[in-house]
Every structure is written in C-alpha cells, then in structure tokens.
Amino acid sequence: MCGIVGYIGEDKAVDILLSGLKRLEYRGYDSAGIAVLNGGMQVSHAVGKVQQLADRVYRDWTPEFISATRLGIAHTRWATHGPPTENNAHPHLDQSGRIALVHNGIIENYSDLRQRLAAEGHTFSSDTDTEVLAHLIGEYFDGDLLSAVCGALRQVEGTFGIAAICVEQSDRMVVARRGSPIVIGLGDQETIVASDASAIVAHTDQVIYMDDDDVAVIERDGVDLRNIHNVPVSRQVSRIEWDAKAAEKGGFEHFMLKEIFEQPEALRNTIRGRLDLGRASAILSGLSLTSREMAEIQRVVLMGCGTSLHAAMIGEYFFEDLADLPADVEQAAEFRYRNPIIHSRDLAVAISQSGETADTLAAVREAKNKGALVAGVCNVVGSTIARETGLGVYLHAGPEIGVASTKAFTSQLLVLLMMALKFGRCRRLSRQSGEALCREIEQVPDLVQQVLQRNQQIAEIAAKYSAARDFFFVGRGYLYPAALEGALKLKEISYIHAEGYHAAELKHGPIALLHADVPVMALLCDVPGKEKTLGNVEECKARHAPVVAVATEGDRDAIRICEDVIEVPRTSTYLSPLVTVVAMQVFAYHVARLRGCEIDQPRNLAKSVTVE
Ligand code: F6R
C-alpha cells in the first residue's frame, strides 16, 4: 500500500527520495508526490507512476535547486479517501502552506476534525483524511514541529505512519507511527526514513523500528525519540540482514519470477540451523517455550489472510497429523469480529509475510486480549506482528517484492512443518518419525529445484491455456488448500477468473459451469485422496472440460486421463502441497506473461494490506 520516504543529509534529497519511491513501487499505488525544503517549500504531485513524478520534478525544478536540496519527504498513495488525483496525492500542506505531511494509514475521526477546522476557517483542497491531519498540525504549531505533531496526534483516532517538515525548522523532519510502520535508517551524516526497509537499505543497514505512538525528530546526525506525550523513549538499533541487491530483479524479467526461482535458496535459509537431528526435532529459538509448556498447549489457532491463510490451512494438517494437536484455521478478519472462543491453553499463530496486514494484526490483539499465547510467523523482521507477538519464527526468505506471494508461502509451509515437528516431539511423535521428517525437510530445496527445472515444459503447457476465461483448481486433503493457492496465483496476476475447490465439492454446484472452454487444474500427487480426485477428473472429462494435472512424475493414470501433466518429484504427503504450489506458481507466471499482464504490480492489489 502507500509508501513513505524522507531524507535529511548531505546528499541530493530529490534524487534519493525519488529512487526510494521507486523501491517502494512494488507495494502498489496510484499517485505520488514530493515536498522539499530549500529556501521555502516546494511540492510536486503526479497521478500514475513514480517516473511521471520524476519527469515533472526534473522538468519544473532547476538543476541548481535539485542539487542543493538536502531535506524532503515523498509518498506513493494507494487511494482510500478520494480517487487518485493530483489534489489527493500526498504530501498535503497545512492552511499556511508552511507544513507538509505524508501519511500512511487512516484517520478515522477525520470527518469530525474536518468539520471543526472548516468552522474555524480552514479550507481544504483534497478529499483526504491526511490533509485534515496536516491542518491540525498547523493549528498546534507555535514554532516547534515536534510539539505540534504530538498535540495533533493526541486528537487522532486511527492509524498513521507520518513524516512532516516545516519551513520554520528546515534542519529536521518529524515522524511518528501508530499501526503503520516507520523505519529510521541511521547513515553517516544522513538519516533516511521509510515505511519499509527496502527504501533504506541502499544507504545504511543500521535501523530503528519505531513502536506505536513513538514520535521522532530526525536530523542529519541523529534522532530524538519521544512518545506521543513528548516524553523521551529509547529504542534499540537493529541491523538489516539483507543488502540492496536482494531487492533488485537480478536479471529476471519480473520480481515474481526471480522470487519463484529463489525458492531453493530461500528455503535453505528458512531451514538453516533449525533442524536438530540429535533430538529428531526442530530448533526454533523464537518459540521459547519449554517442552512442558508445549505439551500443555491444547489447541493451535492458525490465523492469516490470502496466501498466508492458505499456508495456515496446510498448517492445520501438519499440527493434527504430526503433533496430535487440534488445530483450527481462522481467516483473520472473521476471527477479529466474530467473538471467537479462546482458552488460555490455546496457541494462536499469526501468519503474515509482511507482518503488517491490518486484519491479522487485529486478530493477534484479539487473541492476546482473550488470554491466548500468541506467536507470529513473519518474513519482515521488526514488523508489527513480529514485535507484538513476542514469540515467533521468522521465515528468513529475504525481501519479497512481487505482489503475488511465492517464496514466502513455501517458507511459511516449512516453518509450520518445523513447528509441528517440534510440538510433535514434545507429545506423540516418535524419534524415528521425527528423524525421517528432518531428513525430508533437508531435501526440500532440491525438490523445489527439480520442479523449477521443468520451467520450459510448464511454459509450453501454460501457452495452451493462456486464453482461458475461467479456470477451476481442485484437490483433496493437503492438496485442497494447494488448489486454493493455485487459483489465487492465477487470478491475481493473469486476471483469469479462477476458482479453487475441494474436488468433492465439484458436484455440489461448480460442475454446472464446466464445458469445453473451462479448463480444470487437478492436483493429483500420489497422496491419500488421489484415487477419488481421479474419479472427479473423469467427471470433468465427461463434461468436456480439458484437465491439466499436477502429478507425481511418471504417474500413468494422470498421463492417461489428462490433456496435460505437469510432473513434480515424489514426496511425502506433507511436502506434496509445497512442490505442487511451486509448479502452479510457474504456470500462473507464464499465463500472465503471455497475456501481457503487469505481473509484479497487478491492478488494484497492494503488497501489504494495512487497511481493512
Ligand atoms: C497473494 C498475496 C496476498 C497476501 C495477503 C496477506 O499472493 O500475496 O493474498 O498473502 O495479503 O499478506 P501477509 O502475508 O503479508 O499478511
């Protein structure tokens, strides 16, 4: 969703801000803007891409001005309050035009505040909640931007990550957060802030992750951290563990393709140091529970949205089959509003690549309120969910830039599998089974590599189906959530209408839609349920629907019955969804490429869904 960059230092602020915005493009946005201080306030906005903003800035501002400017803020906006227009693009100014603000999040009481300010004579030029906040800061301003921001934020309900600058104090910027991340990068005589570390990593690896209700004065050589009541607070400096290259395409046509192909390496990083062959278990240091505490857990509640929800659904099987633990899956938005029943011996596990998804975060808070133990499975280090859960396991998959989640999903599966192994070993799982599972997990990167070696063959099959208007994905057992994930991948990047179903559900309705122009992807790996899915494939064929299978290599049934077969290596049941989904990621990618879609930034989608 929206992105923020702010810079103060000895370098050219305009260039740094625009290249920072480019690094945030993957988050999804529809307009962009920049405000800088150099003898006064200069602001520019553009609808569309960051490049359009850059063209405008380099056309309208003189080279001398650009090279002498040392402080500014910039933003990419994903429209919420009001359409994507230049007027609605950030930065927004206060009534005096001397304070500029960029904001991520939602000011829930903006309408009341706007009415009050309008009654006092304020005039607004946008539909946004952000402009109201800019005016409110202006109301509180009496020469000190920090106290003005603190005063205004104390009036605000909702979420924010903000950066503000003002003409009167051109040696600083003030940033704050509640529910919307702000990371402060500490460089040498420069400080760069952003909503996401990928805009910072080219400058420094030393960062401070702000906490909710932190406010900070940012200067070129330091940071003064306060809380919203203007009382000093201290936060530790962390190190970003990946470099700028990890967030670049590295020769691939799209980030998504790069991330698909990075999976063997990402999975190696997820596993590294975490398998304990001696104990036939997993070492997950962030999940610091004693064996006794683990044995006492009575139920696991797995929560997430989208792809992470599909990982949760597969996690349910892992926990039940390996750890002998009842497990429930909760769509996070449903969980937060449903008044769910939670016990103190429940372990709630929030699964989120970004660690910032609004509904998943709210579900974490609800589970905590109700006394559950809560753990996070996140990729982004220092993200809100990772910090609020305390307990948890990082994916270590590296930055995921493509909007469609790929490597995070497969890493989530491995983390959940290792968690189930660890819990299992404190309960009913034998040493022998634990050891066998450890050995299998070690093989996963190679198994995924084998799937990727079939890239060309999958591309050829994808070409046959790239003109489809509708697609069904079906599977059973472990391959049922995999079918949902396959359908999600295809629909989000290729815009083909794709539905994932349990294979048994076909005859309860969807089969009515099948005919010669509606292909079916059948997940047929050699695992329990395969024979029955084969029966369902026959039913599809009887309606003339072409069937593509993802099946274990050499599977004669699949080859005999289906039009096309994408072969994947033989695995245990536990790993079958993992290899199957990788094959479907590759399939979806090629279909979308052949249809000329904007793969890394599909329409209407944002990488991190920080609003409801
Ligand atoms: C789909 C996709 C989304 C995310 C969902 C949750 O490819 O990426 O469905 O999985 O928005 O995001 P996280 O995992 O960041 O909570």
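Both ligands and their constituent atoms are indexed starting at 1 by order of listing.
Under a cutoff of 6.0 Å and an axis angle of 45°, R603 and Y495 form a cation-pi pair.
Aromatic rings of F471 and F587 (six-membered ring for Trp) have centroids within the 6.0 Å cut-off, being under it. A centroid separation of less than 6.0 Å is found between the aromatic rings of H502 and Y480.
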Provide, line by line, the atom pairs where ligand 1 and the protein bring an N/O atom each to a distance under 3.5 Å; else say none.
{"residue": "ligand 1", "atom": "7 (O)", "partner": "T307", "partner atom": "OG1", "Å": "3.3"}
{"residue": "ligand 1", "atom": "7 (O)", "partner": "S405", "partner atom": "N", "Å": "2.9"}
{"residue": "ligand 1", "atom": "7 (O)", "partner": "K489", "partner atom": "NZ", "Å": "2.9"}
{"residue": "ligand 1", "atom": "7 (O)", "partner": "E492", "partner atom": "OE1", "Å": "3.1"}
{"residue": "ligand 1", "atom": "7 (O)", "partner": "E492", "partner atom": "OE2", "Å": "2.5"}
{"residue": "ligand 1", "atom": "8 (O)", "partner": "V403", "partner atom": "O", "Å": "3.3"}
{"residue": "ligand 1", "atom": "8 (O)", "partner": "S405", "partner atom": "N", "Å": "3.4"}
{"residue": "ligand 1", "atom": "9 (O)", "partner": "T307", "partner atom": "N", "Å": "3.2"}
{"residue": "ligand 1", "atom": "10 (O)", "partner": "T307", "partner atom": "N", "Å": "3.1"}
{"residue": "ligand 1", "atom": "12 (O)", "partner": "T357", "partner atom": "OG1", "Å": "3.4"}
{"residue": "ligand 1", "atom": "14 (O)", "partner": "S308", "partner atom": "OG", "Å": "2.6"}
{"residue": "ligand 1", "atom": "14 (O)", "partner": "Q353", "partner atom": "N", "Å": "2.7"}
{"residue": "ligand 1", "atom": "15 (O)", "partner": "S352", "partner atom": "OG", "Å": "3.4"}
{"residue": "ligand 1", "atom": "15 (O)", "partner": "Q353", "partner atom": "N", "Å": "3.4"}
{"residue": "ligand 1", "atom": "15 (O)", "partner": "S354", "partner atom": "N", "Å": "2.8"}
{"residue": "ligand 1", "atom": "15 (O)", "partner": "S354", "partner atom": "OG", "Å": "2.6"}
{"residue": "ligand 1", "atom": "15 (O)", "partner": "T357", "partner atom": "OG1", "Å": "3.4"}
{"residue": "ligand 1", "atom": "16 (O)", "partner": "S352", "partner atom": "OG", "Å": "2.6"}
{"residue": "ligand 1", "atom": "16 (O)", "partner": "T357", "partner atom": "OG1", "Å": "2.4"}

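Sequence neighbours left out, the pairs with a member in residues 395-420 that pass salt bridge (Lys or Arg N to Asp or Glu O under 4.0 Å) are E262-K407, E400-K607.
Below 30°, between 30° and 60°, or above 60°: for H90 and H75 the angle between ring planes is below 30°, a parallel geometry.
Within a 6.0 Å radius of CD in E320, other residues, nucleotides and ligands contribute more than 12 heavy atoms.
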